[in-house]
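Please read the structure below before turning to the comments.
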Amino acid sequence: MQYWVMKSEPGEFSLLDLKGKRRAFWDGIRNYQVRNMLRDEMRVGDRALFYHSNAGAETGVVGVMEVVKNAYPDATQFDKKSKYYDAKSDYSNPRWLGVEVEFIHELPRLVSLAELKGELAFQELPLIKKGNRLSIIKLTKVQFEKIVKLANKKV
DNA sequence: GCCAACGTTGGC
DNA sequence: GCCAACGTTGGC
């Protein structure tokens, strides 16, 4: 089993949105590095932390989900009405992929970006580095468990 | 293949 | 809303 962090702006798609749907296709990945990770490394059964980005004081890790379907083509790339539409992608060789994820649980509390930055153990984590623009980041089991543990600790 | 211009992400 | 960082595009 592998571990990940997946970012979404809560105004677009939040943990509660996922909770309501139970399962969702993680669409809108338009970065080649991220696409390659989805395609080559992410597999059914992997665990992922749900990270709310661009959310002011609420920015941080809020929940846990599971990958329930390996990567397959993202339909929004062919949808002219979608903001994720990509005119250069063609049906026979789709450029963009996504995975399906399922809600597992909400963390007892937010583990904020500020808190992650304060933990020495995460100094090397790309998630907290300035200029990091990958919306999906791989974690070690230890990092994943440490973040979950922090969420269970009273502030 | 270089690199300037442009677009996007995401913290603040 | 601003802007730093950095990925992508396209002219040469």
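The chains referred to below are lettered A, B, ... by the order of the sequence lines, with proteins before strands, and numbering in each begins at 1. In this text the structure is predicted, and so the values were computed from the model without any measurement.
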query: Hey, is Arg95(A) close enough to Asp86(A) for a salt bridge, meaning N to O under 4.0 Å?
result: yes
- line: Residues of residues 28-42 of chain A with a heavy atom under 4.0 Å from any atom of DNA chain B, listed by number, are none
query: Are the charged groups of Glu12(A) and Lys83(A) less than 4.0 angstrom apart, N to O?
result: yes
message: Could you check whether any side-chain N or O of Asn132(A) sits under 3.5 Å from a backbone N or O of Ile128(A), counting only pairs where one atom can act as donor and the other as acceptor?
response: no
- prompt: Does a donor on one side chain and an acceptor on the other come within less than 3.5 Å for Asp79(A) and Thr76(A)?
  reply: no
field: Of Arg95(A) and Asn54(A), the one whose closest DNA chain C nucleotide lies more 5'
entry: Asn54(A)
message: Once ring-ring contact (aromatic ring centres under 6.0 Å, His included) is applied, what residue pairs with a partner in residues 35-80 of chain A remain, sequence neighbours excluded?
response: Phe25(A)-Tyr72(A), Trp26(A)-Phe50(A), Phe50(A)-His52(A), Phe78(A)-Tyr91(A)
query: What is the 5' to 3' range of DNA chain C, first to last nucleotide, that sits under 4.0 Å from any heavy atom of chain A?
result: dA4(C) to dG10(C)
- line: Numerically ordered, the residues 116-140 of chain A set in heavy-atom contact under 4.0 Å with DNA chain C is Lys130(A), Gly131(A), Arg133(A)
message: Restricting to salt bridge (charged side-chain N to carboxylate O under 4.0 Å, His left out), what partner residues turn up for Glu41(A), sequence neighbours left out?
response: Lys138(A)
message: Using a 4.5 Å cut-off between side-chain heavy atoms of Ile, Leu, Val, Met, Phe, Trp and Tyr, which other residues end up in the same hydrophobic cluster as Val142(A)?
response: none
Euclidean distance, Met65(A) CE relative to Arg22(A) CZ, rounded to 0.5 Å: 13.5 Å
query: Do side-chain atoms of Asp46(A) reach the backbone of Arg43(A) as a donor and acceptor pair under 3.5 angstrom?
result: yes
task: Please round to the nearest 0.5 Å and tell me the distance separating atom NZ of Lys146(A) and atom OG1 of Thr140(A).
output: 11.0 Å
